[in-house]
Engineer: 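Quick one: the structure is below, questions incoming.
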Amino acid sequence: MTVTKTETLPVRSGDDVVRVRQRVRALAIEIGLGLVDQTKIVTAASELARNTLDYGGGGDVRIEIVQAGMRKGLRLTFEDHGPGIADIEQAMTDRFTTGRGMGLGLGGAKRLSNEFHIESTPGSGTRVTIARWK
Amino acid sequence: MDRIPILKLGGVLIVTIQVDMHDRLALALEEDLTAMIARTGARGVLLEISALEIVDSFIGRMLVSIAAVSRVLDAETVVAGMRPAVAITLVELGLELTGIRTALNVERGMALIQARISEEDDGHGSDRDRHED
């Protein structure tokens, strides 16, 4: 798998969340994702960006266009240096929330993506990677 | 600060959301709508969202919250014009718009609200009749 384009955006305010959505949309269109797939990856990006902001205390997102053979995809890596997640399995459960959200962020983002990966170390931060392939 | 305009048509408040919602705008809309329902005695709120490219759990929560507060103030909320791709994504995300009625477009949304208003007015009418007997 090769990375053909990389951009990094900050996720430090509500306005940043909007910018992340717009950029993910533009790149999803660039690789030729259909309307429903665009909507899914943008929605997943919005959920994860908000998690980064609300629970991680802000961070950034790396947006990459990746290619595997003939297939193109969009890969997003959200990273923060917040408190981390003690129990990832619990955090992935729908309706589980420690904040004011609906608790759909992680589980929802996973369902909306083709690939999902999460790493977290309590005390040092969280990294969530998702990908959607054409 | 930006505000989303609220129109009043008869007993219905109409809001067309045409911008990418961010937190402050969403909270301001909720406050403005609540104040306006209380002030005007509106019986229905029609939220037109055909311009929204996504509804994530944040916006979903805002819609649910507007509907809940409106209901307490005796106004029914209808969300109209959701894009098909947004509807598909919402289902996969697992978001349930509890307490919200949806309509394909503004016209059907207005019809829903009008039907509810006239139904209730009829109901009140027959109550009065019985008291007079």
Side-chain angles (χ1 to χ4, degrees), chain A residues 11-29 33-55 58 76 78 92-97 99-114 116 130 132, chain B residues 1-4 16-32 34 47-69 77 79-100 102 104:
Chain A
V11 184
R12 305 208 169 275
S13 68
D15 290 343
D16 284 344
V17 175
V18 173
R19 271 190 287 275
V20 168
R21 287 206 291 261
Q22 289 166 349
R23 211 45 214 141
V24 170
R25 168 81 64 180
L27 292 172
I29 292 170
L33 284 184
L35 186 56
V36 172
D37 284 344
Q38 284 172 34
T39 306
K40 285 180 180 176
I41 187 87
V42 174
T43 306
S46 188
E47 296 294 334
L48 295 176
R50 193 160 293 284
N51 277 355
T52 300
L53 188 63
D54 290 349
Y55 301 103
L76 314 175
F78 292 84
M92 293 295 301
T93 311
D94 279 357
R95 315 287 164 207
F96 176 80
T97 179
R100 57 194 171 87
M102 292 176 107
L104 291 170
L106 286 176
K110 185 178 183 182
R111 283 191 293 276
L112 293 173
S113 308
N114 298 129
F116 180 94
I130 58 169
R132 181 108 209 157
Chain B
M1 192 173 80
D2 295 339
R3 285 275 212 281
I4 296 176
T16 300
I17 301 175
Q18 290 184 330
V19 291
D20 208 337
M21 297 287 281
H22 55 71
D23 316 27
R24 274 166 298 133
L25 200 56
L27 294 174
L29 175 63
E30 202 175 322
E31 279 176 24
D32 290 351
T34 310
L47 296 168
E48 201 281 325
I49 62 163
S50 64
L52 282 191
E53 293 184 336
I54 66 154
V55 172
D56 61 2
S57 60
F58 176 77
I59 296 171
R61 191 167 69 241
M62 177 201 76
L63 297 176
V64 168
S65 166
I66 286 174
V69 174
T77 302
V79 170
M82 184 183 294
R83 295 185 182 190
V86 171
I88 292 168
T89 303
L90 263 189
V91 171
E92 208 151 314
L93 182 64
L95 195 64
E96 287 161 32
L97 298 180
T98 314
I100 297 183
T102 51
L104 200 58

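Everything numeric here is computed off the predicted structure, so don't read it as measured data. When reading the values below, keep in mind they use all heavy atoms of this one structure, side chains included, and skip hydrogens, waters and symmetry mates. Proteins come first, then strands; the chains are lettered A, B, ... in the order of their sequence lines, and each starts at number 1.
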Engineer: Locate the shortest heavy-atom distance separating A:K40 from B:E92; write the atom from each residue and the value.
Structural biologist: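 Where A:K40 meets B:E92 most closely, the heavy atoms are NZ-OE1, 3.1 Å.
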Engineer: Nearest 0.5 Å, what's the CD1-OG1 distance between B:I88 and A:T39?
Structural biologist: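 So the CD1 of B:I88 and the OG1 of A:T39 are separated by 8.5 Å.
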Engineer: Looking only at heavy atoms and a cut-off of under 4.5 Å, which of A:Q38, A:R25, A:K110 has the most pairs with chain B?
Structural biologist: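 It is A:R25.
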Engineer: Given heavy-atom pairs under 4.5 angstrom as the criterion, report whether the side chain, backbone, both or neither of A:Q22 touches chain B.
Structural biologist: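 Just its side chain gets close to chain B.
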Engineer: Side-chain contact test, heavy atoms from C-beta onward, threshold under 4.5 Å: evaluate it for B:E53 versus A:T43 and give yes or no.
Structural biologist: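 No; the side chains remain at least 4.5 Å from each other.
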Engineer: Out of curiosity, B:I54 CD1 to A:R21 CZ, how far, rounded to the nearest 0.5 Å?
Structural biologist: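 Answer rounded to 0.5 Å: 4.0 Å.
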Engineer: Have B:S57 and A:E47 got a donor and an acceptor in their side chains that come within less than 3.5 Å?
Structural biologist: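 Per modelled atom types, B:S57 and A:E47 side chains form a pair under 3.5 Å.
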Engineer: Measure distances from A:V36 to the heavy atoms of chain B and classify the residue's part below 4.5 Å as side chain, backbone, both or neither.
Structural biologist: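 Both parts, backbone and side chain.
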